Amino acid sequence: MRHLDDLMPLSRRALGSALSLAAGSGIPPLAVDATAGNGHDTLFLAGAVGEKGYVWTFDVQETALAATRKRLADNAPELLSRVSLVHAGHETAATHLPAATAGHLRAVTFNLGYLPGGDKRLVTRAATTLEALAFFAAALGCGGVISVHAYLGHEGGEEEGGEVARWFADLPWETWRVAEYAFRNKQWNRETLFLAEKLKIW
Ligand code: SAH
């Protein structure tokens, strides 16, 4: 047994907590996977949103969406009906999410970089990542969580991670908490997890 959490379980605990609190308060648990990739996060979110919830999943690669659909079909086909697979960049989310979701998203997750085994040219990029973050930060309900897992090792990764870090640093303390987690001694494939919570103002 290890005593320090890896980044993925940390992210899932925060996202899952925001979704189950919403469900328990009668608020529709609405979630977004901004980067479908191989579908691991979509499968997690589709379970975590529960029966009353819904997940929108974005990817620019048809192969990523096909892998995600297959992961759902193989592992939990009953969850397919609460997931929309959107073949578009997350920066276009405003045109794909129903207008009624504005201000009501509870959990949004990004897994940056490129799809392992996929087309490495279709990597996430700082400009579009920040555009999507700005949209989702506004569309998040109070008590919602945004998780961004950034990889720094590939070309452009350091720049993207730095821009994401600066963008999060500017969110006001009165209405947001932003944490950054990383293993200080990881020398290769360096990665950083940003977790941001939009505060409930009582
Ligand atoms: N680095 C992670 C996997 C990241 S997968 C790991 O090692 O596990 C990132 C996914 O984001 C890829 O499937 C890619 O196609 C997708 N992507 C790239 N640009 C995007 C965009 N603008 N909008 C949505 N998805 C995008």
Side-chain angles (χ1 to χ4, degrees), residues 5-15 30-46 48 54-75 83-98 101 105 107-140 146-165 167-168 180-183 186-196:
D5 280 332
D6 275 327
L7 302 185
M8 204 225 288
L10 266 180
S11 163
R12 290 192 172 175
R13 194 192 311 156
L15 295 164
L30 306 179
V32 171
D33 183 352
T35 50
N38 284 317
H40 296 281
D41 291 328
T42 297
L43 177 61
F44 165 73
L45 289 174
Y54 205 80
V55 182
W56 290 266
T57 297
F58 291 83
D59 209 290
V60 290
Q61 284 189 75
E62 187 58 63
T63 49
L65 295 174
T68 299
R69 188 180 296 111
K70 183 170 183 330
R71 186 169 303 282
L72 287 163
D74 290 350
N75 290 282
V83 178
S84 271
L85 298 163
V86 185
H87 187 200
H90 39 230
E91 66 281 7
T92 67
T95 62
H96 294 284
L97 293 184
T101 61
L105 298 179
V108 178
T109 187
F110 288 74
N111 199 326
L112 303 180
Y114 55 81
L115 182 65
D119 186 341
K120 291 194 178 176
R121 289 168 303 181
L122 295 176
V123 66
T124 59
R125 294 185 193 281
T128 38
T129 299
L130 294 192
E131 196 179 335
L133 272 176
F135 170 75
F136 288 125
L140 202 70
I146 301 180
S147 151
V148 180
H149 197 145
Y151 295 80
L152 311 181
H154 62 281
E155 203 188 324
E158 189 89 43
E159 182 214 339
E160 184 182 35
E163 292 208 29
V164 168
W167 188 86
F168 273 128
E180 185 177 345
Y181 300 93
F183 287 103
K186 190 168 188 237
Q187 312 287 6
W188 65 95
N189 285 343
R190 285 185 305 120
E191 49 190 306
T192 299
L193 174 68
F194 300 93
L195 289 179

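Both counts, for ligands and for their atoms, begin at 1 and track the order of listing. Keep in mind the model is a prediction, meaning the values are calculated, not measured.
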Check ligand 1 against A34 and write out every atom of the ligand that is under 4.0 Å from a heavy-atom position of the residue.
-> 24 (C), 25 (N)

Residue part near ligand 1, for A132, under 4.0 Å between non-hydrogen atoms = neither

Over all heavy atoms of both residues, which pair between E160 and G113 is shortest? Give the atoms and the distance, please.
-> OE1-N, 4.3 Å

Heavy-atom nearest neighbour in the protein, as seen from atom 9 (C) of ligand 1, with distance rounded to 0.1 Å = N111 O, 3.3 Å

For V108 against L15, the heavy-atom pair lying closest together = O-CD2, 3.8 Å

Using distance alone, with no hydrogens and no angle criterion, decide if T42 and T57 have a side-chain donor and acceptor under 3.5 Å apart.
-> yes

Among Q61, H90, K120, H40, closest by heavy atom to atom 21 (C) of ligand 1 is H90

For atom 18 (C) of ligand 1, the closest protein heavy atom turns out to be L122 O, 3.3 Å

Can you find a pair of side-chain heavy atoms, one from D41 and one from R12, that are under 4.5 Å apart?
-> yes

Backbone N/O of N111 and side chain of T35: donor-acceptor pair under 3.5 Å | yes

Protein residue, atom and distance nearest to atom 3 (C) of ligand 1, heavy-atom basis = Y114 O, 3.4 Å

A64 heavy atoms, cut-off 4.0 Å: which ligand 1 atoms fall inside?
-> 13 (O)

Give the contacting part of E91 toward ligand 1: side chain, backbone, both or neither, where contact means a heavy-atom distance below 4.0 Å.
-> side chain

All heavy atoms of Y114 vs all of K120, minimum pair found to be CE1-CE, 3.5 Å

Does L112, backbone or side chain, put an N or O under 3.5 Å from an N or O of ligand 1?
-> yes

Nearest non-hydrogen protein atom to atom 15 (O) of ligand 1, with distance, is D59 OD1, 2.6 Å

Please determine if T35 has a nitrogen or oxygen closer than 3.5 Å to a nitrogen or oxygen of ligand 1.
-> no

What residue among V32, V148, V164 forms side-chain contact (heavy atoms from CB on, under 4.5 Å) with F110?
-> V148

V60: numbered ligand 1 atoms lying under 4.0 Å from its heavy atoms = 15 (O), 17 (N), 18 (C), 19 (N), 20 (C), 21 (C), 23 (N), 25 (N), 26 (C)

Hey, which atoms in ligand 1 end up nearer than 4.0 Å to a heavy atom of G113?
-> 9 (C)

